[in-house]
Number of protein chains: 2
Amino acid sequence: MQTALATAGLPPVFSTSLPGRALPLSTEARPGHRRTVAAEAEIFAEGDRAGSFYKVVSGVVRTYRLLADGRRQIDAFHLPGDIFGLEAGAEHRFNAEAVTEAQLEVHRREPRALAGDDGALAREVVASMMRGLERAQDHMMLLGRKSARERIATFLLTMARRMACGGTALELPMSRTDMADHLGLTVESVSRAVTQLERDGLIALPPNRRMVVLRDMVALADLSE
Amino acid sequence: MQTALATAGLPPVFSTSLPGRALPLSTEARPGHRRTVAAEAEIFAEGDRAGSFYKVVSGVVRTYRLLADGRRQIDAFHLPGDIFGLEAGAEHRFNAEAVTEAQLEVHRREPRALAGDDGALAREVVASMMRGLERAQDHMMLLGRKSARERIATFLLTMARRMACGGTALELPMSRTDMADHLGLTVESVSRAVTQLERDGLIALPPNRRMVVLRDMVALADLSE
DNA sequence: CGTCAATTTGACGGCTATCAAAGTACGTGG
DNA sequence: CCACGTACTTTGATAGCCGTCAAATTGACG
């Protein structure tokens with residue numbers, strides 16, 4: 001819903017007819033074909049020719065980069081409706097892997113594919129880029145200036161909002177290690193911060209460690225500032 | 001130059017006719033007017049109506065956000081040719097201030113302004129967004145995974161490239177505090193890391209503290225990985 | 001030459017990383 | 001249905017990098 005509002009009043013190139021990630025994907029009469037990838041499977045790697053980009057239909061995808069010594073930074077988790085893998089250059093600058101089993105819509109990066117269809121896909125792509133940029137900006141604030149505790153609180157709230165889990169319980173699709181590499185922390189720090197939030201009563205942790213119940217949204221929001 | 005290459009082979013919406021930031025700005029017959037702002041002057045603030053966006057003609061601009069307690073994150077420094085202040089929503093999500101005295105091209109965010117002119121401005125804007133996203137992605141790696149020393153090395157190389165200072169000497173337009181708030185460090189850490197790089201012979205620091213001479217590009221590049 | 005802001009340097013503490021090990025969930029096979 | 005094994009997560013102990021607080025130094029400018 002915030003997507004529709006976010007693009008209100010924008011000129012055509014910046015508005016999108018795609019209101020949100022949960023809606024039926026407008027794939028009718030479009031050249032994009034489907035592809036299903038298993039959990040942990042590679043979708044593309046850094047340096048691969050960037051002939052296609054992708055839209056998540058179901059499941060979750062991570063895109064990341066590595067430093068020479070193996071340090072990993074996951075720049076984003078892509079949820080249903082999100083577009084990823086679109087590059088300005090000829091090659092992919094990231095690696096992309098499925099976090100869970102995922103269904104993808106594959107689009108060739110060609111003029112006619114985007115120009116056609118009355119420009120609907122092109123506008124959707126631009127809107128998606130815009131959202132990606134906003135998320136990247138929010139994430140820079142997190143990485144540059146927030147404490148471990150604040151990072152976890154922010155991350156949980158963001159995931160809860162994006163996954164639109166009606167209630168306050170959410171099932172994180174990714175491991176603690178993935179969270180760490182997204183939040184600029186180590187696994188241990190993530191674990192400690194999560195535990196601490198539970199001790200303080202801001203969240204609850206069911207036996208299944210992928211599950212989190214947000215108990216005090218106000219306090220969590222305060223931590224995200 | 002890398003901009004032209006970077007967008008090669010892209011469909012119209014992703015390519016730009018604007019090869020680089022140093023070229024004469026294509027303002028002929030366009031609705032954008034000029035505005036000059038003094039150093040340290042505010043251009044817009046978070047929450048302002050985002051009726052316009054800007055293109056730097058000369059000088060340098062910083063965009064940043066604040067946490068409730070005053071922690072600041074400068075998401076980007078905008079150099080001549082860069083576009084900033086374009087929002088998906090109705091309000092600015094950032095503050096923008098001039099780092100040095102700057103000349104700006106102001107563009108109203110309206111359908112006809114972008115749609116007209118054969119779409120040249122629109123394409124330029126999209127290309128600029130793309131570059132902004134790539135820079136944000138690079139910066140997330142820096143903020144999430146690099147040490148203070150590595151951050152400084154990366155920053156210096158990036159600025160040298162962007163400012164296209166023919167040689168190896170560059171004059172940083174911003175203060176150490178600005179660098180710190182961009183790199184997710186404190187002023188003291190920036191100062192220490194810079195001093196350390198000088199001790200190790202990777203850079204030289206003329207008396208004027210805004211000046212830096214890159215002495216060992218290879219070692220600096222290694223640090224940036 | 002004096003003033004002032006910016007930068008650097010120093011001492012110290014804290015937050016997070018690192019290294020190590022124990023605990024826990026879950027799938028497999030008996 | 002339960003024992004077992006494995007991967008993931010948590011917890012513990014310690015170290016190190018960077019932040020904090022404080023003061024000295026430097027360079028710019030009048």
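Computed from a prediction, not measured in an experiment: that's the story for all the values here. Every chain is numbered from 1 and lettered A, B, ... according to where its sequence line falls, protein lines coming before strand lines. Worth knowing before you read on, the calculation uses all heavy atoms, side chains too, and leaves out hydrogens, waters and symmetry mates.
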Next on the checklist: Of the listed nucleotides (C:dA20, D:dC21, C:dT16), which one gets closest to any side-chain atom of A:Glu188?
Outcome noted: C:dA20

Checklist entry - In whole angstrom, what separates B:Glu40's CD from C:dA5's P? => result 14 Å

Checklist entry - Over how many whole Å does the gap from B:Arg149 atom CZ to D:dG16 atom P extend? => result 17 Å

Checklist entry - Under 4.0 Å between a side-chain N/O of A:Ser175 and OP1 or OP2 of D:dC8, yes or no? => result no

Checklist entry - In whole Å, what is the span from the CE atom of A:Met211 to the C1' atom of D:dT10? => result 20 Å

Item to check | Spacing between B:Leu197 atom CG and C:dT7 atom C1', to the nearest angstrom | outcome: 16 Å

Item to check | A:Arg209 vs C:dT24: side-chain N/O to OP1/OP2 distance below 4.0 Å | outcome: no

Checklist entry - Counting just side-chain N and O atoms, does A:Ser147 come under 4.0 Å of either OP1 or OP2 of C:dC15? => result no

Item to check | Rounded interatomic separation in angstrom, taking CZ from A:Arg72 and P from C:dA17 | outcome: 15 Å

Checklist entry - Nearest-Å distance, CG (B:Asp178) to P (C:dA5)? => result 17 Å

Item to check | Given D:dT11, C:dA17, D:dT9, the nucleotide with the shortest approach to the side chain of A:Leu185 | outcome: C:dA17

Checklist entry - Between C:dT7 and B:Arg210, is there an OP1 or OP2 to side-chain N/O distance shorter than 4.0 Å? => result yes

Next on the checklist: Between B:Arg131 and B:Asp82 (salt bridge meaning N to carboxylate O under 4.0 Å), is one present in this structure?
Outcome noted: no

Next on the checklist: Tell me whether the side-chain N or O atoms of B:Arg199 pair up with the base of C:dT9 as donor and acceptor below 3.5 Å, since no angle test is needed here.
Outcome noted: no

Next on the checklist: At less than 4.0 Å, is any side-chain N or O atom of B:Ser191 found next to OP1 or OP2 of C:dT8? Yes or no.
Outcome noted: yes

Checklist entry - Does a side-chain N-to-carboxylate-O contact under 4.0 Å join A:Arg62 and A:Asp178? => result yes

Next on the checklist: Rounded to whole Å, please give me the gap between CG in B:Leu205 and P in D:dT25.
Outcome noted: 19 Å

Item to check | DNA chain D: 5'-proximal contact among B:Pro207 and A:Arg176 (nearest heavy atom) | outcome: A:Arg176

Next on the checklist: With a 4.0 Å limit, can you tell me whether B:Thr186 has a side-chain N or O closer than that to the phosphate oxygens OP1/OP2 of D:dT20?
Outcome noted: no

Checklist entry - Thinking salt bridges, do A:Arg176 and A:Glu188 make one under a 4.0 Å N-O criterion? => result no

Checklist entry - Is there any ring-ring contact (aromatic ring centres under 6.0 Å, His included) pair reaching into residues 166-185 of chain B, and which pairs are they, with sequence neighbours excluded? => result B:Phe77-B:His182, B:His139-B:His182, B:Phe155-B:His182

Checklist entry - Given atom CD1 of B:Ile152 and atom P of D:dC17, what is their separation to the nearest angstrom? => result 16 Å

Checklist outcome for this item: Sorted by position of nearest nucleotide on DNA chain C, 5' first, the leading residue of A:Lys146 and B:Arg192 is B:Arg192

Checklist entry - Using 4.0 Å as the upper bound for N to carboxylate O, is an ion pair formed by A:Glu225 and B:Arg65? => result no

